Amino acid sequence: MSQQEAEEISLTWQYDASYDFYNMEEDEEDLVAFLDEKERGEFVFSVKDEEELIAFLMIEQMGDSMDLGLGMRPDYWSRKRCHFLKGCDVFFKKEL
C-alpha cells in the first residue's frame with residue numbers, strides 16, 4: 001500500500017454512527033501505525049476495483065496463526081457491495 005493510499009483511507013474514510021468505531025481517528029495508536037510506512041511494512045495491501053481503491057487487507061503471521069484485518073471504503077459498505085469478500089475467501093482457501 002502506498003503512503004498516499006494510507007492517507008486517503010485514514011483521513012477520508014468516515015463511517016456512519018453505527019460503524020464509526022472503524023474510523024481511524026477513533027484509535028490514535030492504530031492511526032499512527034497505519035500512517036507509518038515502516039509499521040505498515042509488507043502486511044497491508046490495497047484492494048482495488050480496476051484502479052479504484054475500495055478496501056485494504058492486513059495479513060500478519062503471528063506464531064502458528066495469521067492475523068487478518070479488512071477495511072472497506074464506507075460508500076461500498078453502505079451499498080452492500082461486498083462481493084469482493086467472496087473473492088478474498090476463495091483466494092485464502094486456495095493459497096493458504
Side-chain angles (χ1 to χ4, degrees):
M1 170 179 290
S2 72
Q3 184 64 29
Q4 181 179 354
E5 291 168 335
E7 290 173 9
E8 176 184 341
I9 290 166
S10 62
L11 301 174
T12 66
W13 289 16
Q14 296 294 307
Y15 298 89
D16 294 335
S18 57
Y19 297 100
D20 64 358
F21 54 91
Y22 289 116
N23 293 337
M24 287 284 185
E25 71 271 4
E26 293 295 317
D27 186 322
E28 184 70 25
E29 187 177 319
D30 285 348
L31 174 62
V32 169
F34 194 79
L35 288 173
D36 185 319
E37 195 168 4
K38 289 181 183 177
E39 286 284 327
R40 281 193 321 276
E42 298 177 8
F43 306 111
V44 183
F45 304 91
S46 303
V47 178
K48 296 182 178 182
D49 182 3
E50 301 291 328
E51 293 298 314
E52 184 179 18
L53 181 64
I54 62 167
F56 66 92
L57 179 63
M58 301 170 71
I59 307 172
E60 187 172 4
Q61 184 78 35
M62 302 190 78
D64 292 338
S65 63
M66 296 187 76
D67 185 27
L68 300 176
L70 178 66
M72 183 183 287
R73 199 174 74 200
D75 63 314
Y76 265 66
W77 185 258
S78 64
R79 288 187 275 156
K80 308 224 183 292
R81 297 211 28 203
C82 303
H83 62 276
F84 85 93
L85 291 174
K86 184 176 181 182
C88 289
D89 182 51
V90 169
F91 170 79
F92 286 115
K93 286 179 181 174
K94 289 171 95 176
E95 300 297 323
L96 300 178

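The first residue of the sequence shown is numbered 1, and numbering continues consecutively from there. What you are looking at is a predicted structure, and each value in this text was computed from that prediction instead of being measured. Below, all heavy atoms of this structure are taken into account, side chains as well, without hydrogens, waters or symmetry copies.
- By the side chain to side chain contact (heavy atoms under 4.5 Å, CB included) test, Glu28 is found to be paired with Leu31, Val32, residues two or more places apart in sequence or in another chain being considered.
- Under the side chain to side chain contact (heavy atoms under 4.5 Å, CB included) criterion, Asp30 pairs with Asp27, sequence neighbours left out.
- Within a 6.0 Å radius of OH in Tyr15, other residues, nucleotides and ligands contribute more than 12 heavy atoms.
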All N/O donor-acceptor pairs, side-chain side in residues 53-68, below 3.5 Å, sequence neighbours left out:
from, atom 1, to, atom 2, distance (Å)
Gln61, NE2, Gly63, O, 2.8
Gln61, NE2, Ser65, O, 3.3
Ser65, OG, Met62, O, 3.1

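- Separation of atoms CD1 (Ile9) and CG (Asn23) is listed at 13.0 Å; rounding is to 0.5 Å.
- Below 30°, between 30° and 60°, or above 60°: for Phe21 and Tyr19 the angle between ring planes is between 30° and 60°, a tilted geometry.
- Within 6.0 Å of CZ on Phe45 lie more than 12 heavy atoms contributed by other residues, nucleotides or ligands.
- Screening residues 32-42 for side-chain hydrogen bond (donor to acceptor under 3.5 Å, both in side chains), with sequence neighbours left out, gives Gln3-Arg40.
- Scored by the salt bridge (charged side-chain N to carboxylate O under 4.0 Å, His left out) test, Glu5 finds Lys48 as partners (sequence neighbours excluded).
- When all heavy atoms of Leu35 and Ser10 are compared, the closest pair comes out as CD2-OG, 3.1 Å.
- Side-chain contact between Phe34 and Met1: present, with at least one pair of heavy atoms (C-beta onward) separated by less than 4.5 Å.
- Between Trp13 and Met72, every side-chain heavy-atom pair lies at or beyond the 4.5 Å cut-off.
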